[in-house]
Amino acid sequence: MGNLAGKTALVTGSSRGIGRAIAVRLGRDGALVAVHFGENEAAAKETVELIESDGGKAFAVQAVLGIPGDAHELIQAFQNGAKERTGESGLDILVNNAGATTLGTPPEEITPEEFDRVFAVNARAPFFIVQRALPLFRTGGRIINISSGLTRFANPDQVAYAMTKGAIEQLSLHFARHLAPRGITVNSVAPGITRNGQPVFDIPEAVEQMAQLSAFKQVGEAEDVASVVAFLASDDARWITGAFLDATGGTLLGG
Ligand code: NAP
């Protein structure tokens with residue numbers, strides 16, 4: 001039995017990439033995992049199958065984030081799925097991982113529409129997901145918000161995206177204080193450049209260049225970030241709340 005046996009987790013954006021690795025890891029640690037996706041149902045089903053083939057339990061939930069009613073739809077789908085499997089809809093671990101990027105758009109060119117879109121997906125949706133999930137949370141719950149090393153490492157072409165991650169770190173800080181009386185911890189995890197299955201990671205020269213940013217001279221693996229999330233989700237991390245965990249492989253050390 002894993003250390004998360006009896007717990008229920010919801011991981012947004014776990015059809016692919018870092019979210020998938022987090023869902024697989026929490027499933028391996030014993031949690032029942034709600035695998036959220038926006039568009040890619042086949043990929044979400046694959047994540048569910050990966051968890052089940054590992055002996056774990058999971059189900060997929062769909063909700064497009066960044067549009068009106070998104071948080072309501074997500075939490076409703078979660079409640080239905082959890083009730084069907086466990087007879088109740090209590091939540092222990094929420095990972096706000098789903099994210100959209102503005103990769104490669106110079107500050108001079110970003111449009112108000114693009115700016116609003118990343119904020120709607122990366123900042124607004126997590127806020128209302130947390131708000132709607134609050135009545136479901138059991139004592140000792142965990143909220144883990146996926147930020148980015150870009151809140152501490154300047155890249156002007158990603159300014160709008162980085163601003164959304166600054167916002168999610170504020171979500172962690174203020175909700176940490178708010179939810180402490182219920183024994184719920186709220187923390188941020190900041191990945192650096194992490195292999196997420198996108199085509200750029202199949203180009204050796206590009207990977208070599210990206211790897212130079214990390215003190216270890218490697219790009220991160222999704223599992224590297226999932227390990228940090230699994231720690232925060234565990235009882236061992238019960239005394240950590242409102243924290244920023246640097247999971248960039250030393251990128252923020254500079255040099
Ligand atoms: P990814 O591979 O692009 O996957 C994104 C996930 O989020 C997918 O499961 C996708 O679901 C979901 N998603 C995206 N937009 C959505 C929307 N509007 N509605 C619903 N679901 C949506 O991302 P990743 O690289 O693993 O990144 C995961 C998190 O880590 C993000 O918050 C990202 O900002 C952060 N991060 C990543 C890196 C990196 O180098 N990879 C670095 C720093 C921070 P569907 O495909 O089903 O729509």
Side-chain angles (χ1 to χ4, degrees), residues 10-25 33-48 50 60-75 77-78 94-104 114 116-126 128-129 144-153 155 158 160-169 171-172 188-201 206-207 209-211 213-214 218-226 228-229 244-249 251-252:
L10 168 58
V11 184
T12 68
S14 49
S15 50
R16 317 184 263 118
I18 294 171
R20 171 182 278 183
I22 293 169
V24 166
R25 174 60 192 267
V33 186
V35 173
H36 161 260
F37 68 100
E39 309 280 358
N40 208 331
E41 184 170 14
K45 281 188 172 158
E46 243 177 65
T47 306
V48 169
L50 278 170
V61 290
Q62 180 176 24
V64 174
L65 304 179
I67 59 173
D70 51 3
H72 174 76
E73 193 184 332
L74 173 67
I75 298 302
F78 166 77
L94 168 64
V95 185
N96 277 311
N97 164 79
T101 57
T102 54
L103 205 66
E114 184 65 352
D116 287 349
R117 187 184 68 87
V118 281
F119 264 85
V121 177
N122 297 0
R124 186 181 186 277
F128 287 102
I129 291 168
I144 299 156
N145 294 316
I146 305 301
S147 180
S148 164
L150 287 171
T151 58
R152 286 155 175 79
F153 181 102
N155 179 348
Q158 291 181 297
Y161 167 79
M163 287 171 73
T164 69
K165 295 303 188 180
I168 207 170
E169 288 178 19
L171 179 65
S172 296
S188 301
V189 172
I193 295 179
T194 308
R195 200 185 297 275
N196 61 1
Q198 294 298 319
V200 68
F201 290 99
V207 172
Q209 205 180 346
M210 292 188 284
L213 290 174
S214 154
Q218 290 169 22
V219 298
E221 300 298 329
E223 291 73 17
D224 296 331
V225 179
V228 178
V229 172
F244 167 88
L245 268 76
D246 173 347
T248 68
T251 299
L252 303 182

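Only a predicted model underlies this, so the values are computations on that prediction, with no experimental measurement involved. In each ligand, atom 1 is the first atom listed, and ligand 1 is the first ligand listed. Sequence positions, counted from 1, serve as the residue numbers for this chain.
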Partner residues of E73 under the salt bridge (Lys or Arg N to Asp or Glu O under 4.0 Å) criterion, sequence neighbours left out
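So E73 forms no salt bridge (Lys or Arg N to Asp or Glu O under 4.0 Å) with any residue.
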
In chain order, what residues pass the salt bridge (Lys or Arg N to Asp or Glu O under 4.0 Å) check against E223, with sequence neighbours excluded?
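Scan of E223 (salt bridge (Lys or Arg N to Asp or Glu O under 4.0 Å), adjacent residues dropped) gives none.
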
Show me, pair by pair, the donor-acceptor contacts under 3.5 angstrom made by side chains of residues 116-124, not counting sequence neighbours?
{"residue": "R117", "atom": "NE", "partner": "E114", "partner atom": "OE1", "Å": "3.2"}
{"residue": "R117", "atom": "NH2", "partner": "T101", "partner atom": "O", "Å": "3.2"}
{"residue": "R117", "atom": "NH2", "partner": "E114", "partner atom": "OE2", "Å": "3.2"}
{"residue": "N122", "atom": "OD1", "partner": "A100", "partner atom": "N", "Å": "2.8"}
{"residue": "N122", "atom": "ND2", "partner": "A100", "partner atom": "O", "Å": "2.8"}
{"residue": "N122", "atom": "ND2", "partner": "T164", "partner atom": "OG1", "Å": "3.2"}

Between E41 and K45, is the closest basic N to carboxylate O distance under 4.0 Å?
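Judged by the 4.0 Å cut-off on N to carboxylate O distance, K45 and E41 do form a salt bridge.
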
Can you list, by chain and residue number, every protein residue with a non-hydrogen atom closer than 4.0 Å to ligand 1?
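Contacts of ligand 1 under 4.0 Å: G13, S14, S15, R16, G17, I18, H36, F37, G38, E39, N40, A63, V64, L65, N97, A98, G99, V121, I146, S147, S148, Y161, K165, P191, G192, I193, T194, N196.
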
May I ask you to decide if I146's main-chain N or O and N97's side chain share a donor-acceptor pair within less than 3.5 Å?
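Such a contact is absent between N97 side chain and I146 backbone.
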
Between N196 and T194: side-chain donor-acceptor atoms closer than 3.5 Å:
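Not at all, the side chains of N196 and T194 share no donor-acceptor pair under 3.5 Å.
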
